[in-house]
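Below is one structure, written out as structure tokens; comments come after it.
Proteins get letters first, then strands, A, B, ... in listed order; numbering begins at 1 in each.
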Protein chains: 2
Amino acid sequence: MTGIRAKQKEKTRRALINAALSQLSPQTAFSSLSLREVAREANIAPTSFYRHFQNMDELGLTLVDEGGLTLRQLLRQGRQRLADGGSVIRISVDIFMDFISNNRSVFRLLLQEHSGTSKEFRLAIAREIHHFKSELADYLHNERRLHEDLARLQADAMVRVMFSIGADALDLPASDKAALIEDTILELRMIARGATALQTSFNATKGEAGAVKKRAESAPKGA
Amino acid sequence: MTGIRAKQKEKTRRALINAALSQLSPQTAFSSLSLREVAREANIAPTSFYRHFQNMDELGLTLVDEGGLTLRQLLRQGRQRLADGGSVIRISVDIFMDFISNNRSVFRLLLQEHSGTSKEFRLAIAREIHHFKSELADYLHNERRLHEDLARLQADAMVRVMFSIGADALDLPASDKAALIEDTILELRMIARGATALQTSFNATKGEAGAVKKRAESAPKGA
DNA sequence: AAATTCAGCGAACAGTTGTTCGCTAAAAAG
DNA sequence: CTTTTTAGCGAACAACTGTTCGCTGAATTT
């Protein structure tokens with residue numbers, strides 16, 4: 001029951017994962033990565049690949065899941081930092097930008113396969129992004145007392161802007177990154193400001209109780 | 001001088017372009033399209049491809065340019081419609097969504113190659129998006145009397161949200177599209193509202209003249 | 001009428017790919 | 001100790017890729 005066998009298996013599994021990651025670059029997309037290349041880089045025979053993953057897709061989905069997990073862990077850290085005081089937006093932007101810098105390949109993978117040709121990939125990544133939005137929307141609703149629908153829309157807009165700017169930051173020299181961060185913060189503040197402005201104006205016209213018209217509870221669909 | 005020869009050449013050139021376009025689908029990215037496939041679909045020998053394009057990349061860049069051109073033409077139509085009265089935001093969103101619906105393949109190409117592995121592609125598409133932002137920023141500055149920097153940031157945020165939502169709308173059943181459009185309009189209104197709110201608050205604190213701190217005139221870089 | 005240009009072709013090339021099959025040797029189970 | 005399990009291997013496969021080369025025949029130029 002030592003599991004010396006299982007240990008070794010896990011080891012070459014990691015080797016495959018790392019081999020894939022190490023081959024990703026601005027010039028090389030995951031989708032154009034070949035099974036044989038990955039196996040070669042991991043120092044195993046092409047045929048042995050199948051002992052660990054059925055497809056290259058299965059390997060890729062593993063990368064997506066691990067990337068999403070990392071991101072969510074960072075978010076938790078961020079919420080802790082927030083308790084110490086400081087601007088939510090600034091802290092969140094910093095965390096996000098750090099994540100991108102420290103996980104360039106994974107973030108590029110997320111970006112590319114988000115609009116890629118594999119439905120499974122797209123859904124997996126959409127799911128990760130949805131987590132992101134939901135947590136933010138909950139925060140805005142619960143902590144910032146924003147109306148539920150407005151919170152959802154604000155979170156949606158913010159996450160979209162954040163991911164889009166992240167894509168630009170990905171291949172930007174570090175020197176230009178600072179300015180981009182400041183722009184990001186301003187844009188997110190703009191969104192936040194607009195949301196509260198809309199909320200108060202709705203409250204004003206409609207009295208006090210239910211502010212925004214109840215949009216269908218149809219859960220997480222398009223936006 | 002009839003040019004019967006040039007005519008024929010142009011004809012098969014179009015055939016190649018259309019062949020490429022017709023093979024694009026949610027399951028097939030341009031980057032994974034082979035020269036031989038395209039030639040086959042266009043009913044010419046693989047070797048003849050080189051009489052028209054040096055690369056598949058060159059063909060792709062042609063598609064990007066034509067797509068951008070179409071989009072800009074639609075924008076011009078939009079500005080005309082605007083003169084008749086109506087909400088700028090709603091009209092712009094409608095135009096954009098129409099473009100996406102009527103040019104699904106091209107828009108998908110833009111999305112995919114925007115974060116693709118060819119630098120030339122990425123730059124070409126970034127250029128198209130920049131046109132978009134600039135025109136919107138100019139409009140906000142000139143017609144809506146918004147401060148230059150705020151106009152730039154608002155345009156940036158709006159275009160990012162618009163493209164991001166467009167990506168989601170791409171593979172959404174028509175029935176869900178209407179709700180998504182309404183969400184989009186609300187989010188863009190949020191951004192607009194936030195921008196003017198920030199403008200007036202800056203004006204209030206700083207007096208009357210120069211409102212926002214002059215950000216470097218460093219032209220179109222990251223944001 | 002003769003000479004030139006040139007879009008399109010077919011054959012051939014070396015290189016890659018994913019996947020199958022049956023085998024080995026060592027770990028695990030009996 | 002004997003049997004079973006199983007990660008890893010090498011050979012072989014059919015299918016594809018981009019690109020070269022020299023040739024044709026018709027449109028164009030001289």
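The side chain of B:R5 approaches D:dA26 more closely than any other nucleotide in the set C:dT19, C:dC9, D:dA26. The side chain of A:Q8 approaches D:dG8 more closely than any other nucleotide in the set C:dA11, C:dT5, D:dG8.
In this structure, CZ of A:R51 is placed 14 Å from P of D:dG10, rounded to the nearest angstrom. Regarding B:K7, its NZ atom lies at a distance of 11 Å from the P atom of D:dT28, rounded to whole Å.
Residue-level contact check: B:R40 touches the backbone only, with heavy atoms under 4.0 Å from sugar-phosphate atoms and none from bases. B:S34 comes within 4.0 angstrom of sugar-phosphate atoms only, judged by non-hydrogen atoms across all strands, and of no base. Across all strands, A:Q54 comes closer than 4.0 Å to no nucleic acid atom at all (heavy-atom distances).
Side-chain atoms of B:S92 come within 3.5 Å of backbone N or O of B:V88 as a donor-acceptor pair. Panel note: side chain A:R108, backbone A:A29; no donor-acceptor pair is recorded below 3.5 Å.
Contact check for A:D171 versus A:P26: no side-chain heavy atoms found under the 4.5 Å cut-off.
At the phosphate of D:dC9, OP1 or OP2 sits under 4.0 Å from a side-chain N or O atom of A:S48.
Among the candidates A:R189, A:M97, A:M158, A:R90, the single residue satisfying the side-chain contact (heavy atoms from CB on, under 4.5 Å) test with A:T184 is A:M97.
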